[in-house]
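Notes follow the structure.
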There are 2 protein chains.
Amino acid sequence: MFSTPMSELRPAVSASSSMEAGRQRQGRLWSNMKEVCELLHLPAISTLNAEELLFQHVQFKTGQRIHTIGQSFDTLYIVNSGFLKTVLIDEFGNEQVLSFPMKGDLLGVDGIHSRHYTSEAVALSDCDLILLPFKKLTALSRAHLELENMLYGVMSRELVREQAMIGMLGALSAEARVARFLVSLSERFAQMGYSSKLFNLRMTRHEIGSYLGLTLETVSRTLSAFNEIGMISVDQRTIGIKDAEALRSLRRLPPSRTRGKSVQARLRATARAEPATAELPAEPLLAAY
Amino acid sequence: MFSTPMSELRPAVSASSSMEAGRQRQGRLWSNMKEVCELLHLPAISTLNAEELLFQHVQFKTGQRIHTIGQSFDTLYIVNSGFLKTVLIDEFGNEQVLSFPMKGDLLGVDGIHSRHYTSEAVALSDCDLILLPFKKLTALSRAHLELENMLYGVMSRELVREQAMIGMLGALSAEARVARFLVSLSERFAQMGYSSKLFNLRMTRHEIGSYLGLTLETVSRTLSAFNEIGMISVDQRTIGIKDAEALRSLRRLPPSRTRGKSVQARLRATARAEPATAELPAEPLLAAY
DNA sequence: CGGGCTATTGATGTAACTCAATAAAGGTGG
DNA sequence: CCACCTTTATTGAGTTACATCAATAGCCCG
């Protein structure tokens with residue numbers, strides 16, 4: 001079973017315990033543009049005859065890699081179903097989780113620049129992805145303004161998401177990070193039509209920790225703490241959201257870090273313009289477990 | 001002097017101590033496509049008559065904002081000269097520095113998705129920027145393949161850069177972050193034709209700290225420590241790089257975080273393929289000041 | 001020549017990491 | 001189906017890297 005022939009060309013990154021991206025054709029195989037647009041939460045492209053253009057589906061089983069670092073780039077992927085992670089791998093082989101893509105998310109954008117993927121995507125569950133050959137996409141986009149907008153828009157959205165991530169890693173406490181992580185998962189599930197109150201984590205504590213810049217123990221402890229307070233219920237990978245509002249407003253800013261001067265300057269500047277608006281005199285601070 | 005009339009529509013983010021983006025026209029005013037491509041380190045676009053298409057320059061003085069959060073988006077900027085910072089501002093007015101753009105960098109990509117900038121860009125020195133009206137750019141790109149590639153490429157590059165940032169924030173120690181920051185600055189300066197061995201920081205310790213997810217004290221102390229060891233020299237904002245290699249290889253991974261399982265799995269998988277290659281038995285560890 | 005930024009440095013605190021032990025879950029093969 | 005092994009999760013005790021608070025001194029600018 002470990003006998004995959006190592007046909008890879010990449011260094012440490014090679015076929016894992018599970019097998020390599022062997023795209024088996026089966027199940028529902030093709031999507032048209034309309035379905036693709038729906039997945040991306042975009043208005044369908046009117047000028048495009050939806051039935052003509054078809055995009056192929058590919059299935060991956062849990063543990064399989066969609067693409068590896070350094071592999072040459074030629075296609076983007078949209079997640080049609082299933083859960084994945086994308087990771088960076090440093091010079092020691094350590095994984096750094098970058099995202100947990102799920103239905104509607106776009107994969108592979110990082111490969112455009114250098115024509116090689118710079119991250120690795122792995123299926124955390126059985127997945128169904130739609131292949132978007134990049135060349136084909138850009139060619140099409142020349143004829144269809146809306147598609148062009150979509151492409152730029154989706155890439156920009158990805159960038160904004162990462163900026164938010166940087167902000168979170170740079171400024172929030174462990175508890176706040178975990179809380180936000182749960183909230184954002186909950187919202188994603190809601191958006192996908194699942195329950196936002198009760199769901200299963202598809203990733204390990206270790207992966208969550210990597211994603212949030214924390215250790216798995218800290219993640220575990222924080223979840224337990226939230227459980228104690230009654231904000232959530234935790235049983236292994238089953239999470240129940242009991243008090244979404246508390247989660248949402250939970251922040252314990254490492255206070256003075258970026259505050260102080262800047263905030264005061266801003267207050268000064270707006271003082272007369274806005275006569276003491278919503279300034280939250282002392283802020284909630286419902287951390288402390 | 002504080003009497004700017006507050007014509008803004010944004011909440012806390014409004015005209016600061018310095019004046020608002022008042023684009024004074026002067027100096028060298030226009031660039032053609034060839035110059036733009038050079039700035040972005042891209043091969044010039046052959047199919048484009050370089051002289052016809054001109055892009056306007058705009059100057060900003062130290063402290064001025066190029067764009068603010070929420071402001072409606074319609075143009076990208078390329079830095080022609082000068083130094084800037086881009087920041088996110090959270091619900092309490094805290095700044096989170098996202099990047100320090102300089103010559104050749106692209107600004108404003110985050111605005112494409114929602115048609116509003118989601119970050120704020122501020123000049124840290126007098127700057128000269130080139131305006132790239134986004135509509136104009138995309139229109140052009142339909143006729144000129146290379147320009148289209150450039151656009152996607154630059155956006156993708158930006159994304160990759162942010163992914164690297166996330167990796168750094170998620171996994172590296174304070175010292176490693178500061179070291180890498182110095183190295184990357186040094187490389188940027190070299191690339192711009194300045195000395196890579198001696199340069200001035202354009203930003204405060206506070207801004208560096210925000211960028212790296214550290215406090216200004218930690219940044220200051222770390223610089224002092226590097227100075228003690230002789231890796232660099234520090235005098236206020238003047239930095240001398242003494243031992244670039246040491247800086248480059250300085251990492252003190254908070255060890256087990258992401259390692260352990262993953263690294264071992266990988267080693268196992270490649271064991272036979274690569275008969276014990278470069279594994280650095282105990283790793284350098286030249287931290288300890 | 002003040003007065004506000006900015007940087008440095010020290011003393012102290014604590015959030016999060018590390019190490020370690022246990023237990024529960026999940027998968028595999030007999 | 002049950003023993004076995006691996007992976008994952010939980011929890012405790014001790015450590016430490018970094019933050020916090022505070023005091024001083026150098027810069028820069030009007």
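These numbers were taken from a predicted model, which means no experiment stands behind them. Convention: sequence-line order gives letters A, B, ...; per-chain numbering from 1.
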Query raised in the report: To the nearest angstrom, how far is B/L172 atom CG from D/dA17 atom P?
Result: 15 Å
**Report entry** Sole residue of A/L124, A/L84, A/L185 in side chain to side chain contact (heavy atoms under 4.5 Å, CB included) with A/M102
**Finding:** A/L185
Report summary line: Between CG of B/L223 and C1' of C/dT9 the distance, given in whole Å, is 14 Å
Query raised in the report: Quick check, are the ring centers of B/Y211 and B/F181 under 6.0 angstrom apart?
Result: yes
Query raised in the report: Do A/R202 side-chain and D/dT8 base share a donor-acceptor contact under 3.5 Å?
Result: no
Report task. Would you classify A/V234 as touching base, sugar-phosphate or nothing, given that sugar-phosphate means primed atoms plus P, OP1 and OP2, and contacts are heavy atoms under 4.0 Å? Result -> sugar-phosphate
Query - Rounded distance (Å) that lies between atom P of C/dA24 and atom CG of A/D235 - result: 12 Å
Query raised in the report: Can you check the B/N94 CG to D/dA19 C1' distance for me, whole Å?
Result: 15 Å
**Report entry** Validation row: A/L247, A/K242 side chains within 4.5 angstrom (heavy atoms)
**Finding:** no
Requested in this report: In whole angstrom, give the distance that lies between atom CD1 of A/I208 and atom C1' of D/dT8.
Outcome: 12 Å
Report task. For A/L250 and C/dA15, give me the distance from atom CG to atom P, rounded to whole Å. Result -> 13 Å
Query - Distance-only donor-acceptor test (3.5 Å): side chain B/E217, base D/dC21 - result: yes
Report summary line: DNA chain C nearest-nucleotide lookup for A/V219 and A/Q236: closer to the 5′ end is A/V219
Requested in this report: Would you tell me if any nitrogen or oxygen in the side chain of A/T215 comes within less than 4.0 Å of OP1 or OP2 on C/dC17?
Outcome: yes
Query raised in the report: With respect to the phosphate group of C/dT8, does any side-chain polar atom (N or O) of B/R205 fall under 4.0 Å of OP1 or OP2?
Result: yes
Query - Closest to the B/R221 side chain, choosing from C/dA16, C/dT6, C/dA11 - result: C/dA11
Report task. Round to the nearest Å and state the distance from A/E175 atom CD to C/dA15 atom P. Result -> 8 Å
**Report entry** Minimum-distance nucleotide (side-chain atoms of A/L216 versus C/dA16, D/dT10, D/dT8)
**Finding:** D/dT10
Report task. Tell me whether the OP1 or OP2 atom of D/dA9 has a side-chain N or O from A/R237 closer than 4.0 Å. Result -> yes
Report task. Please determine if a side-chain N or O atom of A/S220 lies less than 4.0 Å away from the OP1 or OP2 oxygen of D/dT10. Result -> yes
Report task. Would you indicate, yes or no, if C/dC17 has its OP1 or OP2 atom less than 4.0 angstrom from a side-chain nitrogen or oxygen of A/T218? Result -> yes
Query - Any side-chain heavy-atom pair of B/L216 and B/I208 under 4.5 Å - result: no
Query raised in the report: Thinking salt bridges, do B/R161 and B/D105 make one under a 4.0 Å N-O criterion?
Result: no
Report summary line: A/N200 CG to D/dT8 P, in whole Å, measures 16 Å
Query raised in the report: Are OP1 or OP2 of D/dT10 and a side-chain N or O of A/S224 less than 4.0 angstrom apart?
Result: no
